2 protein chains.
Amino acid sequence: MFSDSEENYLKAIFHLQRFASDGVSTNAIAEQMHTKASSVTDMLKKLSDKKLVNYVKYQGVTLTNEGKKTAAKIIRKHRLWEVFLVEKLDFSWDEVHEIAEQLEHIESDVLIEKLDKHLDFPKFDPHGDPIPSKDGTFPERDKVLLSEIKVGESGVCVGVKDTSSSFLKFLDKNGVALGKKIKVLEHEEFDDSMRIQIGKESMTISHMIASNLYLKTN
Amino acid sequence: MFSDSEENYLKAIFHLQRFASDGVSTNAIAEQMHTKASSVTDMLKKLSDKKLVNYVKYQGVTLTNEGKKTAAKIIRKHRLWEVFLVEKLDFSWDEVHEIAEQLEHIESDVLIEKLDKHLDFPKFDPHGDPIPSKDGTFPERDKVLLSEIKVGESGVCVGVKDTSSSFLKFLDKNGVALGKKIKVLEHEEFDDSMRIQIGKESMTISHMIASNLYLKTN
DNA sequence: AAATAAATTTAGATAAGACTAAAAATGTAT
DNA sequence: ATACATTTTTAGTCTTATCTAAATTTATTT
Ligand SMILES: [Mn+2]
Ligand SMILES: [Mn+2]
Ligand SMILES: [Mn+2]
Ligand SMILES: [Mn+2]
C-alpha cells in the first residue's frame, strides 16, 4: 500500500501536528526525520498527490482524514508490537523502540488483529502511550506530570514523556516502573527538585526527572 | 547489514543449490524470484563484491560460507516466525508464509533468540521444515514420502513437500495435520492412488497427494 | 519600504533495484 | 565445423528516495 518511507513521514507529521496549531513546517519534519528539507518537500508532493496530506507550497502541511487514519494504524502497530516485545518476549522498555520501528511496517490486517487479541487488547504501550483502536481512536487517560503534584499527594505511574533509553534505564535502576505508587514528600523551591516515596524507598529527583513522569492521581 | 532484496536472492540461491550439483544458473534464480535474468546478473555482481557468492560470468553461482550462513539465518527467522504465527497467534499453516516473508527481514539478533526461547526452541516449522540453529546447522529427520510406503505399514505425518496454500487447505479439509498417524491400506497399481487410514477415517488419495506428504516411519 | 535573514522549493546528481532490447557467449544439431 | 537456439550479459532507461547547491518565497529588521 504505502512504502516504509511514506509511512514514516505520515507518522512524523502526525506527532508534530499535536503541538503545532497550524500546518507542520518542512523544517520541523526534516529535523524529526533526520533528513534534509529538500527531501521533505519531495515527499510532501508525493503524499499530497495521494491525498494523504493537505499541502500548500511554503505553508506547511496537515494530514487529511485518510492520512490521519493511516498514521494511527502505524502507531497502533508500533505500540502493539512494543507490548508484545515486553510482555511476551521479556524485553525491557528501553530496548523495544528500535525493533518496533521495523515491525510497524509489516503489512497484514489479520496479523494486527490477532496480535491485539493475543495481548488481550491492551490500551497502553510499555511507555504508557495510548494504543489507537482499529478505527483510529486514541484512548484517553487523565494523567499529570509528577512535577505538577503537590506535597503530600500521591499517584500511580502511568507513563513517561521522555522515552529515551537513558531515561528509561535510569528509571529501572531506581525501581520506577508503570503501576508503581509514588508519593511526593518534599518539594525544594530553589531547583524544583523533589523527595518522593516509591514503595518502601524514598529518593530525591531533579525537576528534569519529575517533569517527564506521568502519574494518575486518585 | 543486507537489504531485503539481497537477502531474498541469498535465500533463493540457497534453496536452488540443494538440487543443482554445480553452480546455480541465472535463469533458475530469475524464475524463483519472479524477476528477469538481467536483474539477477546485476545482483550477482553485487553479492560477489560482498563475498557472499562465488560468481564466474556465464558459469552460474554458488554461495560462499558467509553467504550460506546468512541464508540460513534468514531461513531460521522465517521458520521461527511461522511457528510463532501458528502456535501463538492461531494462524493456520496455509496463511503464514506471506507474513513470514516480511518478518524474516526484521533485524535484531536478540529478537530472534528471545523468540526462539518463547517458542521453546522448536526444531521444525509448521510445514515440517527444519529450523537451522544459530550456527546454521539444519536438524535432520528421516522422513519418507507417503507414496514410498508399502501396504500395511504406517507412519506419522511430519511434513509436506508442496507447501502451496491449496494443498495445505486440502489437507486441513481432510483432517491431515502434522503428528497424525497414517496407515496405508491399499495401493492401486494403475494410477498409484492409495487408500489410507487416518485416525478413524479412511480415504482414497491420488499419487499427487501421496508424493507430497512426508511420514516418519517407526 | 528596503534590506537582510530564514525557510522552502527547485534543479541537478547519485544509488539501489528493476526493466527492455541488443550484444555476446555457450550449447546443440545437423 | 558451421548454423541455429538458448542463456547470459551489457547498455540504457525508469522509479524511489536521498543529497547538495542555487533560486525563490516569506519573515524580520532596520
Ligand atoms: Mn516506540
Ligand atoms: Mn512506546
Ligand atoms: Mn514459508
Ligand atoms: Mn515453512
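Just so we're on the same page: letters track the sequence lines, and every chain starts at 1. Scope of the values below: all heavy atoms of this structure, side chains included, with no hydrogens, waters or symmetry mates. Remember, predicted model here, so these are calculated numbers, not experimental data.
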Round to the nearest Å and state the distance from [X] atom [atom1] to [N] atom [atom2].
X       : N      : atom1 : atom2 : value
B:Asp42 : C:dA16 : CG    : C1'   : 10 Å
A:Asn27 : C:dA6  : CG    : P     : 12 Å
B:Leu44 : D:dT8  : CG    : C1'   : 10 Å
B:Leu47 : C:dA16 : CG    : P     : 12 Å
A:Ile29 : D:dT18 : CD1   : P     : 13 Å
B:Lys36 : C:dA16 : NZ    : P     : 23 Å
B:Lys45 : C:dA15 : NZ    : P     : 16 Å
B:Met33 : C:dC19 : CE    : P     : 10 Å

Within this structure, what is the [atom1]-[atom2] distance for the pair [X] and [Y], rounded to the nearest 0.5 Å?
X        : Y        : atom1 : atom2 : value
A:Ile205 : A:Asp192 : CD1   : CG    : 11.0 Å
A:Thr217 : A:Lys143 : OG1   : NZ    : 13.0 Å
B:Ile29  : B:Tyr9   : CD1   : OH    : 8.0 Å

Produce the list of close N/O pairs, under 3.5 Å, pairing protein atoms with atoms of nucleotides 25-27 of chain D; give distances to one decimal.
| unit_1 | atom_1 | unit_2 | atom_2 | d |
| --- | --- | --- | --- | --- |
| D:dT25 | O4' | A:Tyr58 | OH | 3.3 |

**Request:** Is it possible for you to check whether B:Lys50 lies under 6.0 Å from the centre of the six-membered ring of B:Phe2, through NZ or CZ, and within 45° of that ring's axis?
**Result:**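 No, a cation-pi geometry is absent between B:Lys50 and B:Phe2.
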
Looking only at side-chain N and O atoms, does [X] come under 4.0 Å of OP1 or OP2 in [N]?
X       : N      : answer
B:Tyr9  : C:dA16 : no
B:Ser25 : D:dT7  : no
B:Ser5  : C:dA18 : yes
A:Tyr55 : C:dT8  : no

**Asked** Heavy-atom contacts under 4.0 Å between residues 16-24 of chain A and DNA chain D, which residues?
**Response**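 When residues 16-24 of chain A is checked for heavy atoms under 4.0 Å from DNA chain D, there are no hits whatsoever.
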
**Request:** Could you tell me whether a side-chain N or O of A:Lys88 sits under 3.5 Å from a main-chain N or O of A:Val86, the two making a donor and an acceptor?
**Result:**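 Side chain of A:Lys88 to backbone of A:Val86, a donor-acceptor pair under 3.5 Å: no, none is there.
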
**Prompt:** What about the rings of B:Phe14 and B:Phe138, do their centers lie closer together than 6.0 Å?
**Reply:**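 Ring centres of B:Phe138 and B:Phe14 closer than 6.0 Å.
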
**Request:** Between A:Ser3 and B:Thr26, just flag the one whose closest nucleotide in DNA chain D comes earlier from the 5' side.
**Result:**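 Its nearest nucleotide lies further toward 5', so the answer is B:Thr26.
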
When we call it a touch if two heavy atoms are under 4.0 Å apart, what does [X] touch: a base, just sugar-phosphate, or nothing?
X       : value
B:Ser38 : base
A:Thr41 : base
A:Ser39 : base

**Asked** Given A:Ser25 and A:Asn27, is the side-chain hydrogen bond (donor to acceptor under 3.5 Å, both in side chains) satisfied, shown in steps?
**Response** CA-CA 5 Å; A:Ser25 77; A:Asn27 267 352; over 6 Å; no

**CD (A:Glu31) with more than 12 external heavy atoms under 6.0 Å** =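 For A:Glu31, atom CD is not crowded (no more than 12 foreign heavy atoms under 6.0 Å).
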
**Prompt:** Just checking, any donor-acceptor pair under 3.5 angstrom between side chains of A:Asp90 and B:His118?
**Reply:**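 Per modelled atom types, A:Asp90 and B:His118 side chains form no pair under 3.5 Å.
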
**Message:** Taking B:Glu113 first and then B:Arg76, would you say they form a salt bridge - that is, a charged N and a carboxylate O separated by under 4.0 Å?
**Reply:**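 Yes, this pair counts.
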
